[in-house]
Amino acid sequence: MNASNPSQAAKPTIAVIGYGSQGRAHALNLRDSGFDVVVGLRPGGPTEVKALTDGFTVKTPAEAAANADLVAVLTPDMVQKKLYNDVLAANMKQGACLMFAHGLNVHFGMISPRADLDVALVAPKGPGALVRREYEIGRGVPCIYAVHQDPSGRAEELAKLYAAGLGGARANLIKTTFKEETETDLFGEQAVLCGGASALVQAGFEVLVEAGYQPEIAYYEVLHELKLIVDLFYEGGITRMLEFVSETAQYGDFVSGPRVINADTKARMKDILSEIQDGTFIQHWVAEYDAGLPNYRKFQQADIDHPIEKVGKELRAKMQWLQQNAAQATATPDAAQAAKPSTHPIAETA
Ligand code: NAD
Ligand code: MG
């Protein structure tokens with residue numbers, strides 16, 4: 001995209017609200033793609049200095065939104081309702097576009113956008129640091145996009161323009177709906193990625209340690225080596241993993257995998273999906289958040305206190321390549337964001 005591009009005239013001015021994992025990557029990529037980008041943040045908030053250092057004009061969310069054709073809401077999900085109701089609803093221009101990176105608030109009716117606004121989402125399938133890094137080397141992270149309401153008739157075009165600005169069009173763009181994006185995203189993180197995988201690792205560790213094996217050995221077997229397996233999944237699916245492991249490992253996989261994850265497990269996954277779909281999960285999560293996160297903190301502490309964390313910390317201290325990564329992470333803002341403890345929504349509300 002450059003000045004000779006005919007779509008240049010139609011390029012919306014963009015306000016990016018929030019400068020965390022996604023916000024920073026979106027703002028930088030969109031600016032490098034030729035968009036006029038302003039960042040909206042609470043004055044004195046934790047990421048203001050970063051946005052200023054990156055050369056952005058930083059305004060309050062109200063001022064940024066008032067002058068933009070497109071407002072990208074990239075704050076933590078749980079503050080978006082208040083941000084929209086208190087700030088964006090009153091300040092966004094007539095006929096502007098309200099853009100999200102996750103459909104949660106709109107899909108579950110926590111935000112009911114003004115009828116004159118186009119409402120869309122563009123969700124990169126990767127963390128912000130990767131969205132930025134891939135863009136910088138001329139590639140892109142695949143994006144999915146969706147339109148919730150389209151009074152202008154241009155919402156889909158705007159979503160695609162935005163996704164292209166992120167670099168997503170260089171990789172793959174898939175059209176979805178707010179419902180599909182929200183429900184599958186929640187299911188994935190709960191049943192498989194975060195909830196399922198961590199519970200599987202903890203249970204495997206407990207079984208070995210309770211049987212009298214050394215925790216150090218158990219750690220290597222059930223947590224450390226998981227990365228090697230996941231890397232193979234990522235590169236070439238389960239087929240590639242099977243190509244790389246021994247025949248003994250394959251046979252053990254075939255006969256024991258279905259005993260761990262069986263029809264009962266699948267039935268519970270379906271229960272989890274039903275509770276996402278019928279709003280039970282979000283109702284519980286909003287109530288928990290509004291109550292000040294009492295159970296959340298208890299669960300978080302239990303994970304942190306699990307014995308696998310103590311032995312893992314000791315063993316990782318002896319993995320030199322990890323020490324190098326940690327040093328780099330503190331030296332480069334992109335990598336530091338991958339860890340992003342300081343901008344976590346929960347950390348902020350604490
Ligand atoms: P984050 O926690 O990394 O950053 C949030 C930013 O919002 C910070 O700059 C913070 O200072 C700012 N902020 C917090 N409260 C605010 C307020 N009231 N007003 C203005 N700014 C405020 O968030 P994130 O992980 O980038 O998530 C942003 C959105 O992107 C969410 O909708 C999330 O679901 C979505 N998303 C995230 C990822 C990811 O990998 N992190 C991937 C896809 C989609
Ligand atoms: Mg867990």
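Numbering of ligands and ligand atoms starts at 1, following listing order. From a predicted model like this one, the values you see are computed outputs, not experimental measurements.
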> Between R240 and F233, is NZ or CZ placed under 6.0 angstrom from the six-membered ring centre and within 45° of the ring axis?
Replying inline: no
> Is the cationic atom of R170 (NZ for Lys, CZ for Arg) positioned less than 6.0 Å from the six-membered ring centroid of Y135 and within 45 degrees of its normal?
Replying inline: yes
> Are R24 and D54 close enough, and set up right, to give a salt bridge (charged side-chain N to carboxylate O under 4.0 Å, His left out), and what steps lead you there?
Replying inline: CA-CA 9 Å; R24 178 169 189 267; D54 289 336; 2.7 Å; yes
> For Y162 and L30, which heavy atoms make the closest approach, and how far apart are they?
Replying inline: CE1-CD1, 3.5 Å
> Between N67 and K93, what is the shortest heavy-atom contact and its length?
Replying inline: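 N67 and K93 have their closest heavy atoms at O-NZ, 4.0 Å.
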> Where the closest heavy atom to atom 40 (O) of ligand 1 is concerned, which of A64, A123, P127 has it?
Replying inline: P127
>> Just to be sure I'm reading this right: ignoring hydrogens, which of L88, T75, T182 gets closest to atom 27 (O) of ligand 1? Compare them by their nearest heavy atoms.
In response: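 The residue whose heavy atom sits nearest atom 27 (O) of ligand 1 is T75.
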>> For ligand 1, which is the ligand I care about here, please tell me if G20 has any N or O atom under 3.5 Å from one of the ligand's N or O atoms.
In response: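 Yes: some nitrogen or oxygen of G20 is under 3.5 Å from one in ligand 1.
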> With only distance considered, is D77 within less than 3.5 Å of ligand 1 through an N or O on each side?
Replying inline: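 Checking ligand 1 against D77, an N or O pair does fall under 3.5 Å apart.
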> For ligand 1, is there an atom lying under 4.0 Å from some heavy atom of P46?
Replying inline: yes
> Is the shortest distance from a heavy atom of G45 to ligand 1 less than 4.0 Å?
Replying inline: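 No, G45 has no heavy atoms under 4.0 Å from ligand 1.
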With heavy-atom distances below 4.0 Å as the criterion, list the atoms of ligand 1 near [X].
{"X": "A101", "answer": "30 (O), 35 (C), 44 (C)"}
{"X": "H102", "answer": "32 (O), 34 (O)"}
{"X": "G18", "answer": "6 (C), 7 (O), 9 (O), 12 (C)"}

> Between Q80 and T75, is there a donor-acceptor pair closer than 3.5 Å when you use the side chain of the first and the backbone of the second?
Replying inline: yes
> Which one holds for Q80 and ligand 1: side chain close, backbone close, both close, or neither close, with close meaning a heavy atom under 4.0 Å?
Replying inline: side chain
> Between Y219 and H224, how do the two ring planes meet: parallel, tilted or perpendicular, split at 30° and 60°?
Replying inline: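 Judged by the thresholds at 30° and 60°, the geometry between Y219 and H224 is tilted.
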